[in-house]
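Before any comments, here is the structure.
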Amino acid sequence: QVQLVESGGGSVQSGGSLRLSCAASGDTDSRYCMGWFRQVSGKEREGVASIDSDGEITYTSSVKGRFTISQDNAKKTLYLQMNSLKPEDTATYYCAAESSRWCSYGLGYGGLGYNYWGQGTQVTVSS
């Protein structure tokens with residue numbers, strides 16, 4: 001069992017930056033694929049970025065060059081640095097973990113395979 005708690009969301013203007021954090025607790029000695037997802041009310045959940053236990057990183061095309069996923073294993077924390085934010089980045093952002101060394105599915109499957117989820121943190125970007 002892993003518990004995930006996100007923080008760092010907020011409201012920014014277009015072009016601004018935010019850094020989301022996801023603190024993990026519980027069975028953190030196992031290897032996990034970690035991911036960030038986002039969802040707008042009434043729309044499907046979208047994969048944003050993922051990192052597996054070997055450090056392989058994947059981004060959805062709309063955030064490449066603007067967002068950076070990273071993790072601090074000593075602090076058991078996953079991060080998402082978001083720069084050059086756009087109004088279309090507005091969503092609730094979720095941290096998720098899959099009990100697997102590698103990510104079983106790509107970002108385009110709405111979180112399929114991820115079995116632990118945080119409560120979400122709201123990001124609002126105004127124009």
TODO: Would you list the pairs meeting salt bridge (charged side-chain N to carboxylate O under 4.0 Å, His left out) in which at least one residue belongs to residues 59-80, sequence neighbours left out?
DONE: Arg66-Asp89
TODO: Apply the test side-chain contact (heavy atoms from CB on, under 4.5 Å) to residues Tyr116 and Gln1: give CA-CA distance (whole Å), side-chain angles for both, the deciding distance (0.1 Å), then the verdict.
DONE: CA-CA 8 Å; Tyr116 300 105; Gln1 290 275 349; 3.8 Å; yes
Task: Within 6.0 angstrom of Tyr105 OH, more than 12 heavy atoms from elsewhere - done: no
- [ ] Just grab all the disulfide bond (SG atoms under 2.5 Å apart) pairs involving residues 14-76, residues at least two apart or on different chains.
- [x] Cys22-Cys95, Cys33-Cys103
Task: By salt bridge (charged side-chain N to carboxylate O under 4.0 Å, His left out) - contacts of Glu46 (at least two apart) - done: Arg38
- [ ] Mind telling me whether Phe37 and Trp117 have parallel, tilted or perpendicular rings, with 30° and 60° as the class edges?
- [x] tilted
Open item on the list: Show the nearest heavy-atom pair for residues Thr121 and Gly9, with the distance to one decimal.
Closed with: OG1-N, 3.2 Å
- [ ] Over all heavy atoms of both residues, which pair between Val40 and Ala91 is shortest? Give the atoms and the distance, please.
- [x] CG2-CB, 3.9 Å
Task: Inter-residue atom distance Gln71.CD - Thr77.OG1, 0.5 Å rounding - done: 10.0 Å
Task: Val123 side chain reached by Leu18 side chain, heavy atoms, under 4.5 Å - done: yes
Task: From CA spacing to verdict: side-chain contact (heavy atoms from CB on, under 4.5 Å), Leu4, Met34 - done: CA-CA 11 Å; Leu4 304 172; Met34 301 295 297; 4.1 Å; yes
Task: Side-chain donor/acceptor of Ser50 to backbone N/O of Gly35, under 3.5 Å - done: no
Task: side-chain contact (heavy atoms from CB on, under 4.5 Å) against Gln81, all qualifying residues, sequence neighbours excluded - done: Ser17, Arg19, Thr68, Asn83
- [ ] Treating Ile, Leu, Val, Met, Phe, Trp and Tyr as nodes and any side-chain heavy-atom pair under 4.5 angstrom as an edge, say whether Ile57 and Trp36 lie in one connected cluster.
- [x] yes
TODO: Keeping the roles fixed (side chain from Arg45, backbone from Gln39), state whether a donor-acceptor pair exists under 3.5 Å.
DONE: no
- [ ] Carefully, step by step, assess Thr92 and Gln122 under the rule side-chain hydrogen bond (donor to acceptor under 3.5 Å, both in side chains).
- [x] CA-CA 4 Å; Thr92 301; Gln122 178 66 35; 2.8 Å; yes
Task: Over all atoms of both residues, closest heavy-atom pair of Pro87 and Ser127 - done: CG-CB, 3.9 Å
TODO: May I ask you to check if Arg31 and Trp102 form a cation-pi contact, with NZ or CZ under 6.0 angstrom from the six-membered ring centre and within 45° of the axis?
DONE: no
Open item on the list: What's the separation between atom CD1 in Ile51 and atom CD in Glu56, rounded to the nearest 0.5 Å?
Closed with: 10.0 Å
- [ ] Let me see the working for Ile69 and Thr58 under side-chain contact (heavy atoms from CB on, under 4.5 Å), right down to the final yes or no.
- [x] CA-CA 9 Å; Ile69 188 172; Thr58 303; over 6 Å; no
Open item on the list: If I take atom OG from residue Ser104 and atom CG from residue Asn115, how far apart are they, to the nearest 0.5 angstrom?
Closed with: 9.5 Å
Task: Worked check of side-chain contact (heavy atoms from CB on, under 4.5 Å) between Leu20 and Glu6 - done: CA-CA 7 Å; Leu20 305 184; Glu6 302 98 334; over 6 Å; no
- [ ] Using the ring-ring contact (aromatic ring centres under 6.0 Å, His included) rule, collect all pairs that involve residues 66-93, keeping only residues at least two apart or in two chains.
- [x] none
Open item on the list: Measuring only between side-chain heavy atoms, which start at C-beta, is Leu80 closer than 4.5 Å to Val48?
Closed with: yes
Task: Tyr32 side, atom OH; Leu78 side, atom CG - distance, nearest 0.5 Å - done: 13.5 Å
TODO: Take atom CD of Gln3 as the centre, draw a 6.0 Å sphere, and report whether it contains more than 12 heavy atoms from other residues, nucleotides or ligands.
DONE: yes
TODO: Write out all pairs satisfying salt bridge (charged side-chain N to carboxylate O under 4.0 Å, His left out) with one or both partners inside residues 99-124, taking only residues at least two apart or from two chains.
DONE: Asp54-Arg101
